[in-house]
Number of protein chains: 2
Amino acid sequence: MSRRDELLQQATDYALEHGLIGLSLRPMAAALGTSDRMLLYHFGSKDALVIAVIDESTRRSSEVLRDLPPAQTVRAGVLRLWEVHTDGQLDRCQHLYEQASASGLLGDEPYRSAVRQSNEIWAVALVDYLTACGATRTGARRVVPLLDAALMGFHLDYGIEADSADLRRGVRDLADAVHRLTE
Amino acid sequence: MSRRDELLQQATDYALEHGLIGLSLRPMAAALGTSDRMLLYHFGSKDALVIAVIDESTRRSSEVLRDLPPAQTVRAGVLRLWEVHTDGQLDRCQHLYEQASASGLLGDEPYRSAVRQSNEIWAVALVDYLTACGATRTGARRVVPLLDAALMGFHLDYGIEADSADLRRGVRDLADAVHRLTE
DNA sequence: AATAAAATGTAGCACTCGCTACATCTGAAG
DNA sequence: CTTCAGATGTAGCGAGTGCTACATTTTATT
């Protein structure tokens, strides 16, 4: 593994823990046991580093989805998806995506492009998982926009305290709706 | 209107246009025809100013919802809600909320508290609108978590190009699901 | 008009930011 | 061993940050 790749792994870990918003090179470099100078040497600029981190985070999260054992039904699959969303690895990746997305809201680069690409990869992974749970491919594709939006919305609204009765019922309602739409 | 209130209105306008992330006092003050010194004098600190701006934005958006003529059915109401979401005033308020929410994801104050309060006010406004569209109060309350999450998710995913076929179908699916759940 | 209080302007402090110039070190090829 | 390119350390630049000290002007009250 090249030095750049090593640093990318560590930088992604750091960003997943500390967030993208307000990220600055010097504290990150210190935590990684290197210097801002080296990060810029290997990545070219802060923007390029941020893009690489977003890409790596997207890669990791879709890998999680690919390795997730399919559920018996689409309804169960959606419930499982939400469980995974609130669980360590994916939770942080989702945070990172949401931060990047919010940062790109007004069209600011590099977030806008990075987020769009990330979103496409994620949508494909979602479709694959739903089909593995028994949905037709067209049905899965049809329902992914709603599913993705609702999952992200739940995650953003209840991000910290992911354990309210309202939330649980909301997720159940979502699972039912998605199930019905893929029949 | 006190000087503070005048400045708050202008500051909110500015934040709605330029975003919360990376907001800094001096450019904002210059655009408002005042100085960072004065903003800090009237609001005490940047954090306090940001909180005030979030509150004002929340007030404006729930006012939009309160003044929105009810639709004939819940389904039509949801479609109307999405239209309003992509339309000038509310669109920007939603952007601001999403930026604040993303900033508070890891628990950072003052965003965390401000966002929670904003979210509660918004949920109440949503319930009121749904009931005005013919939903029962319990039905509306039940479905608001899913509705709010999905609307925000759509907004975040398709924030810039709010005109794709996928998105339109997603919104229609959401409207159907919400309609069914409030019957 | 005198006085207190609120509002504003000026200047700057201490700090962080991304980034760069330049020197140095390391390790493999010739 | 020499050479030379890639990797790293040191130091610092110029700009921007939130915020403050202090003086001054404006406004309202007695």
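Protein chains get the first letters and strands the later ones, always in sequence-line order, with residue 1 at the start of each.
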Task: Residues forming a side chain to side chain contact (heavy atoms under 4.5 Å, CB included) with B/Glu63, sequence neighbours excluded - done: B/Arg59, B/Arg66, B/Asp67
So, [X] and [Y], do they make that salt bridge, N to O below 4.0 Å?
X	Y	result
B/Arg180	B/Glu183	no
B/Asp173	A/Arg142	yes
A/Arg137	A/Asp128	yes
A/Glu56	A/Arg60	yes

For [X] and [N], give me the distance from atom [atom1] to atom [atom2], rounded to whole Å.
X	N	atom1	atom2	value
A/Leu7	D/dA7	CG	P	11 Å
B/Met38	D/dA23	CE	C1'	13 Å
B/Tyr41	C/dT10	OH	P	17 Å
B/Ile21	D/dT17	CD1	P	16 Å
A/Arg4	D/dT8	CZ	C1'	18 Å

TODO: Please state whether the phosphate of C/dA6, meaning OP1 or OP2, lies under 4.0 angstrom from any side-chain nitrogen or oxygen of B/His42.
DONE: no
- [ ] Indicate whether OP1 or OP2 belonging to C/dC17 is found under 4.0 Å from a side-chain N or O atom of A/Ser24.
- [x] yes
TODO: Report yes or no: does A/Lys46 contribute a side-chain atom to a donor-acceptor pair with the main-chain N or O of A/Leu39 at less than 3.5 Å?
DONE: no
TODO: For A/Gln99 and A/Leu20, indicate whether the former's side chain and the latter's backbone hold a donor-acceptor pair under 3.5 Å.
DONE: yes
Open item on the list: By nearest atom, which of the nucleotides D/dT8, D/dG9, C/dT8 is closest to the A/Arg3 side chain?
Closed with: D/dT8
TODO: State, yes or no, whether a side-chain contact exists between A/Leu174 and A/Trp82 at a heavy-atom distance under 4.5 Å.
DONE: no
Open item on the list: When you compare the side chain of B/Ile51 with that of B/Tyr111, does any pair of heavy atoms fall below 4.5 Å?
Closed with: no
Open item on the list: Strictly under 4.0 angstrom, non-hydrogen atoms only: write out the protein contact profile of nucleotides 19-24 of chain C, one letter per nucleotide from the 5' end, B, S or -.
Closed with: BBBB--
Task: Bend angle of the helix from C/dA1-D/dT30 to C/dG30-D/dC1, end axes from five pairs each (to 10°) - done: 0°
- [ ] Scan A/Leu39 against the nucleic acid and name what it touches under 4.0 Å (heavy atoms): base, sugar-phosphate only, or nothing.
- [x] nothing
